[in-house]
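Numbering of ligands and ligand atoms starts at 1, following listing order. Excluded from the calculations below are hydrogen atoms, water molecules and symmetry mates; all remaining heavy atoms, backbone and side chain alike, are included.
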Amino acid sequence: MAGKRRNRRLPDELAVDQASIAMLEKASADGVTGNAFSRADDQGNACKVGLAGVCCRICHMGPCTISDRRPGICGATTDTVAARNLLREVAAGAAAHSGHGRDLALLLKAVSEGRIGNYQIRDEARLRAAARTWGLEEAGRDALPVAGDLADAFLQEFTLQEGKLKSLSLAPEPRQAIWDSLEIAPAGIDVTVVEALHRSNMGTDHDYKNLVRGALKTAVADGWAGSMIATTVADILFGTPKPIRARANLGVLEEEQVNVLVHGHEPALTEILIAASRDPEIVEAARNVGAEGVNLAGICCTANEVLMRHGVPVAGNFLQQELAIITGAVEVMITDVQCCMASLPEVARCYHTKIVTSNPIAKNVDAEPVDFDPSRALECAKEILHKAIANFPNRDPNKVAIPEQQSSLVAGFSNETLFGILGGTYRRSFRPLNDAIISGRIRGICGIVGCTNARGGRMDDYIIRLSREMIARDIIVLQTGCAAVACGKAGLLTPESALELAGPGLREVCEAVGIPPILHMGSCVDNSRILMAATYVVEEGGLGNDLSQLPAIGAAPEWMSEKAVAIGHYFVASGVDVVLGRPFHTSGSESVTQYLCEGLEADVGARFHFISDPEQAVEVICAHIEKKRDALGINKKAERKLFDMKDRRELHV
Ligand code: MSK
């Protein structure tokens, strides 16, 4: 063990923000034996066979280690096995997003039938717009039956046995035609995930290109349906986000309050926790134990959901989940699904913190389960809050050290809000954005999304460096997930500070129309908002007729999750190139890697780029955007001038 620890990186080699560095330094003094970073160091070099994606363990003649000279016992080559493993990752990622979407669709159904008292339709306009989009009659009907029909339509998207998903019609028509011609337009989401597992079963699909196309098909079912449904229903039930000020980083924890952290991805319980934490009964109970009240804050994408809609502060992103406990000031951390580390109870044991699991499919042997039942949502929420309040007196003041770092930010940029901001209340439109791209004031669009990763560089560093450089080069940035939280902590999500860093063209436009240069669009499933933002730009006109023609690109600099693998594939399948800070586990097959990074361009008009160096990524992204601008014929030299009032008025036309 001592030998392993000698190889551990120092705290300032692990993170860029001082709050995280301080907690990493505090951990060992408190007797915390490990965290994600130290465990990454203890793992040493990653398994070479796993990294290359050539370990096959899908039958029990194996496991087989495949190489170019040594196929598997069944004859499977490196090409087959690497592609098969990749497809299975996409299927798992799609299943995670889509399971989340299904739960919300079922909640919408229950609300429409009056079975769930604590929820209601918060955004009827979004409900009616969605009903029209999915081909349902809504005019002249009450909201609840429309909600019931929409929930049914969404649930059918999971089970459709033949044909293709209705949700695909949201994409530009030329894109749909490409999916049809490649036979990657999926039927039901569940059916598609089952098909992915079937075709990657022993002795089934051995054609690596066919398997990669299977991954694209599965990912399309995720992005355009499973995730799209999750975002749409969350907006209908909990409200469509509007710009809202909030704060981010561990400094949002409060020394004098009962701190409750929500962590994971699903917003249903947290929506009720917000109301419950302000309930006089709860406030009084907190005061009775000597606290000033209950402070709710979040980690990962449950945080992003309630940040976007309510301005609930974000305590941290993925790699800060353990560090939040190390503050010694967290009474309860509630985990729901996805990205909640197995280690949380182990870290919590060094403090008084209780880990409460809330979803029956996501338990931990050393955590306390409070299975969340939406039909008794308020009761569940209060039960958890009472646990937290009762735990407040158990805090050890000697172990409490809340870092002071916190940054203010603005989040809440749904497309529905952007239509209003860009076009005005009466002329809702993306026109000013398109005009700014065509004129060259904005060179293009970069979506920067995804996780943080304990292996590799310092947490948040690549994300922040890439984001800063994009806006400096007049490229507007759309963000979700932990990448957005990284920029929030770095102060890049305040319009004031980001405008100072933006290039002159982007700054002019952002000031004229009233948007920041980096737009926080939500959680992981809300990458569907980025798909739709790109689609609205195409529909607005003047920038081609398909997503592949846009001067736009996606990036996941510090990704780690199977969900990110699915997200990357649905962007590429949609015609948008994707830059990844680390490669997929496919390097054992030159053919698969070549197909992903070059060959796909001919099939879907987009491809992957694996780039570990942020500076190189900046150059590749800018070159890509300029290439797309050249192809559109919009790279004519225009004389630049400063905006006067007349120009600003015209920008709103
Ligand atoms: S939480 S999937 S670490 S973005 Fe959505 Fe963050 Fe990645 Fe989880």
Side-chain angles (χ1 to χ4, degrees), residues 15 20 35-37 40 89-90 92-101 104 219 222-223 226-227 230-231 234 248-249 261-267 270 297-308 312 314-324 333-344 359 362 411 447-456 459-460 462-464 466-467 477-489 520-530 554-571 578 580-582 584:
S20 297
N35 55 60
F37 300 101
E89 283 193 72
V90 172
H97 288 144
S98 303
H100 173 171
L104 285 173
D222 173 1
S227 290
T231 298
N249 214 341
L261 285 182
V262 292
H263 176 18
H265 283 78
E266 293 191 338
T270 308
I299 301 275
C300 278
C301 281
T302 303
N304 280 321
E305 295 277 355
V306 286
L307 164 74
M308 291 282 285
V312 170
V314 181
N317 49 2
F318 174 65
L319 287 173
Q320 288 181 293
Q321 57 188 283
E322 296 171 306
L323 309 184
M333 178 183 279
I334 308 160
T335 60
D336 51 74
V337 290
Q338 305 162 26
C339 301
C340 305
M341 288 188 194
S343 63
L344 293 174
N359 190 307
I448 300 180
V449 308
C451 326
T452 52
N453 192 316
R455 283 196 197 265
M459 173 180 78
D460 300 339
Y462 192 157
I463 294 165
I464 292 168
L466 183 61
S467 302
V477 173
L478 311 182
Q479 290 195 326
T480 60
C482 291
V485 176
C487 283
K489 288 186 290 174
H520 186 339
M521 300 191 83
S523 65
C524 292
V525 291
D526 293 335
N527 283 311
S528 62
R529 295 193 205 277
I530 299 182
E558 300 179 36
W559 73 277
M560 63 84 203
S561 164
E562 286 171 321
K563 292 180 291 169
V565 183
I567 292 166
H569 278 78
Y570 69 63
F571 273 98
V578 169
L580 297 174
R582 58 179 51 236
F584 297 130

>> Out of all atoms in ligand 1, which are within 4.0 Å of some heavy atom of Met560? Include the element for each.
In response: 3 (S)
> Below 6.0 angstrom between ring centroids: does that apply to Phe584 and Trp559?
Replying inline: yes
> Looking at Cys301, which atoms of ligand 1 are within less than 4.0 Å of one of its heavy atoms?
Replying inline: 1 (S), 5 (Fe)
>> Taking side-chain contact (heavy atoms from CB on, under 4.5 Å) as the criterion, tell me which of Glu305, Met308, Arg529, Glu266 meets it with Ser523.
In response: Glu305
> Hey, are the side chains of Ile448 and Pro557 touching, using non-hydrogen atoms and a 4.5 Å cut-off?
Replying inline: yes
> Which atoms of ligand 1 have any heavy atom of Phe318 under 4.0 Å away?
Replying inline: 3 (S)
>> Using the side chain to side chain donor-acceptor pair (under 3.5 Å) definition, which of the options His97, Glu89, Gln338 pairs with Lys563?
In response: Gln338
> For ligand 1, which atoms, with element, lie under 4.0 Å from some heavy atom of Gly450?
Replying inline: 4 (S)
>> Suppose we measure from atom 1 (S) of ligand 1 to each protein heavy atom; which comes out shortest, and what is that distance?
In response: His265 NE2, 3.2 Å
> Nearest non-hydrogen atom to atom 7 (Fe) of ligand 1 belongs to which of Cys451, Ala483, Ala484?
Replying inline: Cys451
>> Show the nearest heavy-atom pair for residues Glu322 and Ala36, with the distance to one decimal.
In response: OE1-N, 2.8 Å
> Under a 4.0 Å heavy-atom limit, does Gln338 contact ligand 1 with its side chain, its backbone, both, or neither?
Replying inline: neither
> Any donor and acceptor pair, going by atom type alone, linking the side chain of His265 with main-chain N or O of Val337 inside 3.5 Å?
Replying inline: yes
> In the protein, what heavy atom is nearest to atom 8 (Fe) of ligand 1, and what distance, to one decimal place, separates them?
Replying inline: Cys339 SG, 2.2 Å
> Short check: any N/O/S atom of Cys300 below 2.8 Å from atom 5 (Fe) of ligand 1?
Replying inline: no
>> Show the atoms of ligand 1 that are less than 4.0 angstrom away from any heavy atom in Cys482.
In response: 1 (S), 3 (S), 4 (S), 6 (Fe)
>> Could you go through Asp222 and His569, starting from their C-alpha distance and side-chain angles, then the distance that decides it, and tell me whether this counts as side chain to side chain donor-acceptor pair (under 3.5 Å)?
In response: CA-CA 10 Å; Asp222 173 1; His569 278 78; over 6 Å; no
